[in-house]
Amino acid sequence: MKKKLIIIDRDGTIIEEPPVDYQVDSLEKLEFVPGAITALASIAPLGEKYLFVMASNQDGLGTASFPEETFHPAHDKMLKTLEGEGFTFDRQLIDPSMPEENSPCRKPGTGMFTEFMGNDDYDLENSVVIGDRLTDVKLAENLGCRAILFDRAGTLRESIELDDRHMAAGSWKEIAEILRSSSRRVTIERKTRETEISVTVDLDGKGPHGAETGLHFFDHMLSQIDHHSGCSLRVVCKGDLEVDEHHTMEDVAIVLGQAIKQALGDKKGLARYGFALPMDECEAMVLLDFGGRADFVWDVNFTREYVGDTPTEMFKHFFKSLCHAMECNLHVKAEGENNHHLIEGVFKAFARSLGMAVKRDVFSGTLPSSKGTL
């Protein structure tokens, strides 16, 4: 799997930048930005998917005005402090040039990042640059990365167009939430002789949306998960509908379940459980537990063979396949008169249950289990 990068500026982002000479050249000048240590410790587990890279312009480092021996005591103390909280940088990239030299290695130039550019081992498109200056945003653009502008005063964000690629945060807590959230987006593609499927799931609702399976009522039901869970869901399936609907619905369930399971990651801080709701004259109850074991209960009786273009007998099989792929306990019960309302109530209740169960405290390192494992 390709590694993504989290590229973090140093002065003004991790540690305070002295307002006069802009040089942290003594231990007395070393002061961490509020929340930086806690936030960096909280994202340390992302090291399984990301490479942590520090990138810093240090004007004139190594010259008489800023000798190496005055730089390293404070710098090394910063690194040791973070290491004591479980966070370490995989790479440290420091450019010592002066602005007037126009060095290609000076941010926002990309000269320090040649190791990662054009290298199939790294996923720059889904990497992120974090810094407190507009030049950090420009660096992200030059690398093809996303950007998080650390704008504590709230005065810089008006200078950039905020979207999924360019974000702004006023605190390290916000930065940590963005980073931990973006790690819960998964795309899985699967091709067999019966179906060709692409599913993208973002458990924090910041991904693409929509369903195209060739079954219009099934698409309508999948959209209920997208709309009511707080997660985002994109499903595209080309199946052998000329045979029947079975392979399409079964395989979508399998791939969707695998994507959700993968997006849950290590499950630390996970809420784990969830939900029930009424749908007009119908009552639908869904109980969900991401405990790592699959148990499925279905108590829903239909009085029609089809709703729209979708066979009602396949809904049980869909949720059973989804349950086993997610490795969860999933109990579904519903009763009512209108078959459309009946199954829509089930999908909405499942969506609400899913949304409740996948909520996460990004600063919690504990598993929601007395066993200590899920």
Side-chain angles (χ1 to χ4, degrees), residues 1-18 22-59 61-62 66-96 105 107 112-113 115-116 121-123 127-133 136 139-140 145 148 150 152 169 171-183 265-269 360-367 372:
M1 185 173 66
K2 291 184 177 182
K3 276 274 191 178
K4 294 174 281 190
L5 311 179
I6 295 178
I7 302 168
I8 308 175
D9 175 49
R10 194 191 82 147
D11 298 359
T13 302
I14 299 174
I15 58 176
E16 299 286 6
E17 189 169 42
Y22 303 104
Q23 292 181 350
V24 183
D25 52 10
S26 68
L27 289 174
E28 288 75 21
K29 288 184 176 181
L30 177 62
E31 182 180 349
F32 280 89
V33 168
I37 297 175
T38 301
L40 289 170
S42 78
I43 67 170
L46 298 183
E48 296 179 0
K49 296 181 179 180
Y50 288 86
L51 207 67
F52 296 120
V53 179
M54 183 184 67
S56 180
N57 294 334
Q58 293 294 320
D59 297 0
L61 179 62
F66 194 9
E68 294 258 1
E69 54 266 29
T70 65
F71 169 79
H72 281 289
H75 181 73
D76 294 346
K77 180 70 172 179
M78 176 197 72
L79 296 177
K80 188 173 181 63
T81 300
L82 294 176
E83 184 179 350
E85 297 299 321
F87 180 87
T88 57
F89 282 103
D90 300 289
R91 302 281 194 283
Q92 297 179 54
L93 306 179
I94 297 174
D95 177 64
C105 293
K107 296 187 301 178
M112 291 195 293
F113 302 90
E115 172 189 354
F116 311 113
D121 291 334
Y122 299 102
D123 178 6
S127 298
V128 60
V129 175
I130 304 166
D132 66 316
R133 297 188 178 186
D136 295 303
L139 172 64
C145 299
I148 301 176
F150 186 32
R152 284 189 280 173
S171 68
W172 261 106
K173 181 178 181 181
E174 287 183 62
I175 293 173
E177 288 173 345
I178 292 171
L179 293 174
R180 293 287 297 267
S181 296
S182 64
S183 71
D266 60 16
K267 298 183 182 178
K268 290 180 179 178
R360 181 181 58 176
D361 178 356
V362 298
F363 292 102
S364 172
T366 60
L367 284 168

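Nothing here was measured: the structure is a model prediction, and the numbers come from that model. Excluded from the calculations below are hydrogen atoms, water molecules and symmetry mates; all remaining heavy atoms, backbone and side chain alike, are included.
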Note: E115-R91 ion pair, threshold 4.0 Å (strictly below): yes
Test item: I175 and I43 side chains (from C-beta on) under 4.5 Å apart, heavy atoms: no
Beyond-backbone contact of H75 with V24, side-chain heavy atoms, under 4.5 angstrom: no
K3 side chain vs D123 backbone, donor-acceptor pair below 3.5 Å: no
Shortest non-hydrogen separation from D90 to Y50 and the atoms involved: OD2-O, 4.3 Å
Evaluation steps, side-chain contact (heavy atoms from CB on, under 4.5 Å), between L51 and I6: CA-CA 6 Å; L51 207 67; I6 295 178; over 6 Å; no
Sub-4.5 Å side-chain heavy-atom contact between F113 and L5: no
Parallel, tilted or perpendicular: ring planes of Y122 versus F116, cut at 30 and 60 degrees: perpendicular
Shortest non-hydrogen contact from L40 toward F87: O-CD1, 3.2 Å
Test item: C145 and V128 side chains (from C-beta on) under 4.5 Å apart, heavy atoms: no
Minimum side-chain heavy-atom gap K107-D136 below 4.5 Å: yes
Contact summary for M112 and C105, nearest pair of heavy atoms: CG-O, 3.3 Å
SB check D9 R133 (cutoff 4.0 Å): no
A44 versus G86, closest heavy-atom pair with distance: CB-O, 3.4 Å
Atom pair CD1 (I37) and CD1 (I15), whose distance is rounded to the nearest 0.5 Å: 11.0 Å
Shortest non-hydrogen contact between I178 and A169, atoms and distance: CD1-CB, 4.5 Å
Within-4.5 Å side-chain heavy-atom neighbours: V33 and T13: no
Test side-chain hydrogen bond (donor to acceptor under 3.5 Å, both in side chains) applied to D11 and Q23, step by step: CA-CA 9 Å; D11 298 359; Q23 292 181 350; over 6 Å; no
Any donor-acceptor pair under 3.5 Å from T70 side chain to F66 backbone: no
K29 vs E16 side-chain heavy atoms within contact, under 4.5 Å: no
Heavy-atom check, side chain of M54 versus side chain of I8, under 4.5 Å: no
D76 (side chain) donor-acceptor with P73 (main chain) under 3.5 angstrom: no
Between CE on residue M78 and CD1 on residue I14, distance to nearest 0.5 Å: 5.5 Å
Neighbour count above 12 (heavy atom, 6.0 Å) for E48 CD: no
